[in-house]
Amino acid sequence: MSTASVIGGGPAGLIAAETLARAGVTVTVYDRMPSVGRRFLLAGHGGLNITHSEARDRMLARYGRSADRLAPMLDVFSPQDLRDWCAGLGEPTFVGSSGRVFPQAFRATPLMRAWLARLAELGVRIETRHRWRGWAGDTDRLRFTRADGEAVEVDPDVTVFALGGASWPRLGADGGWVELFTERGAEVTPLRAANVGVQVSWTDTFADRFAGSPLKNVGLTVPGSGQQARGDAMVTKTGVEGGPVYAIGAAIRDALDADGECVLQVDLRPDLAVDQVADRLRHRRPKDSASTWLRRLGLDPVAIALLRESSGGALPSDATEMAGLVKAVPVMVTATMPIDRAISTAGGLAWSEVDESLMMRRLPGTFVAGEMLDWEAPTGGYLLQASFSTGVVAAQGALSWLQGDAAPRSG
């Protein structure tokens with residue numbers, strides 16, 4: 001009977017283990033933490049958004065530069081396949097008002113409990129407190145250190161790596177694998193914070209008063225990038241965060257890399273065109289203060305304060321000029337928040353290092369899945385979907401390798 005080692009006990013690793021075990025492979029999962037699935041369980045604290053229901057082309061666009069590489073993998077294990085998988089574990093899903101998909105229990109705990117029971121029935125062995133230390137010399141043998149300090153070596157027929165990025169070191173994803181892979185000659189794009197807030201040098205007055213206040217239903221744009229997003233953002237003491245910030249994170253990083261700073265334009269009334277805003281502002285009453293004038297446009301105190309913050313406190317009195325500012329408030333971003341504040345990471349093992357089955361070209365029989373690969377996506381179910389999909393594809397590639405056929409199976 002063939003043997004497989006899966007390194008990493010997150011969604012990508014566990015679904016790879018399940019796929020391999022269903023095919024009769026003897027599977028052992030190794031994880032350095034005391035239990036597996038810790039980040040998955042944390043993600044479920046506020047409601048486990050496991051995938052998204054939007055149309056395929058629109059969903060693929062969420063993966064940006066990696067959309068073409070991930071497209072066939074989302075066909076192998078699609079959002080509907082993921083929903084069916086959840087239902088098979090006794091956790092049917094539903095579509096929320098935003099198109100996001102959640103298990104009916106709304107939490108990750110029941111799903112994880114049922115999943116671990118299934119893996120146990122399939123004979124998957126889980127070895128926790130095993131930190132991967134690389135390979136034994138120039139061989140494919142895997143080296144681990146247990147919690148008691150004892151060194152362990154294993155020599156499986158195939159290996160699937162699913163060690164995550166570097167944004168959750170306390171949950172096991174610390175990026176420690178990068179150096180070990182580069183030592184073997186693999187190209188790894190530097191890991192960087194994704195789905196993370198950005199830093200803005202607010203004045204003390206603005207930060208003290210409005211930190212924790214939401215900018216509701218705003219549009220965000222990085223000029224010249226062609227990327228924009230809409231939703232609720234949150235003012236923090238040191239910047240801005242939230243879904244629309246995360247959605248254009250790649251464009252923000254590109255601008256920071258190019259210029260050392262990034263102008264983030266905030267549209268405070270995205271439902272109105274600039275001429276419509278100007279027309280409404282022209283009906284200013286003689287005794288209206290600037291704040292009253294803007295409140296009549298539907299702006300709340302934090303939005304009005306943001307206008308003042310961006311203009312140095314002196315607001316324009318001309319309706320046309322004010323309309324232009326309302327539709328594109330310039331906010332100067334100086335950096336992203338640190339990687340340990342991020343939800344996920346960008347960067348990872350370069351796509352050129354793996355074939356279509358996610359096997360490493362320089363390490364035949366070794367496969368990679370999940371956030372270790374060089375892709376990113378915004379929150380909204382896209383991260384988990386791609387993690388599951390790449391885990392299935394890597395496992396199918398491993399099965400094909402064991403059968404002497406390098407091409408992955410579909411289905």
Audit row: R131, T145, side-chain hydrogen bond (donor to acceptor under 3.5 Å, both in side chains) steps and yes/no: CA-CA 5 Å; R131 185 174 187 118; T145 302; over 6 Å; no
Show your reasoning for whether salt bridge (charged side-chain N to carboxylate O under 4.0 Å, His left out) applies to K237 and D208. CA-CA 7 Å; K237 194 81 171 177; D208 290 343; 2.4 Å; yes
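Here D232 contributes atom CG and L215 contributes atom CG; the two are 8.5 Å apart, rounded to the nearest 0.5 Å. In this structure, SG in C262 is found 8.5 Å from CE in M332, a value given to the nearest 0.5 Å.
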List, one per line, each side-chain donor-acceptor pair under 3.5 Å for residues 307-316, sequence neighbours excluded.
from, atom 1, to, atom 2, distance (Å)
R308, NH2, S291, OG, 3.1
E309, OE1, T203, OG1, 2.8
E309, OE2, T203, N, 2.7
E309, OE2, T203, OG1, 3.2
S310, OG, L306, O, 3.4
S310, OG, L307, O, 3.0
S311, OG, L307, O, 2.8
S311, OG, R308, O, 3.4
S311, OG, A314, O, 3.4

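Ring pair Y30/F144 is parallel by interplanar angle, where below 30° counts as parallel and above 60° as perpendicular. Between F106 and F94, the ring planes lie parallel to each other; the angle is under 30°, not in the 30° to 60° tilted range. In this structure, F161 and F181 have perpendicular ring planes: the angle between them is above 60°, well past the 30° mark.
Within the 4.5 Å cutoff, the side chain of L272 has heavy atoms near those of the R280 side chain. L384 is listed as a side-chain neighbour of L48, based on a closest heavy-atom distance under 4.5 Å. Annotation: side chain of I50 is in contact with side chain of L111 (closest heavy-atom distance under 4.5 Å). Annotation: side chain of L264 is in contact with side chain of I248 (closest heavy-atom distance under 4.5 Å).
In this structure, D374 does not pair ionically with R69, as no charged nitrogen and carboxylate oxygen lie closer than 4.0 Å. Salt-bridge check for R38 with D31: failed, with every basic side-chain N at 4.0 Å or more from each acidic carboxylate O.
Between the side chain of T3 and the backbone N or O of T26, no donor-acceptor pair lies under 3.5 Å. At distances below 3.5 Å, not a single donor-acceptor pair connects side-chain atoms of D257 with backbone N or O atoms of D254. Proximity of a side-chain donor or acceptor of E353 to a complementary backbone N or O of A350 within less than 3.5 Å is not detected. Remark: side-chain polar atoms of K327 are not paired, donor with acceptor, to backbone N or O of D275 under 3.5 angstrom. Remark: side-chain polar atoms of E241 are not paired, donor with acceptor, to backbone N or O of N195 under 3.5 angstrom. Put simply, the side chain of R129 never gets that close to the backbone of R32: no donor and acceptor are under 3.5 Å apart.
Side-chain atoms of W135 and E183 include no donor-acceptor pair closer than 3.5 Å. In this model, no donor atom of one side chain and acceptor atom of the other lie less than 3.5 Å apart for Y63 and Q385.
Ring centroids of W401 and F367 are separated by 6.0 Å or more, keeping the two rings apart. Under the 6.0 Å cut-off for aromatic ring centres, W85 and F388 qualify, their centroids lying closer than that.
Under the side-chain hydrogen bond (donor to acceptor under 3.5 Å, both in side chains) criterion, E153 pairs with R141, not counting sequence neighbours.
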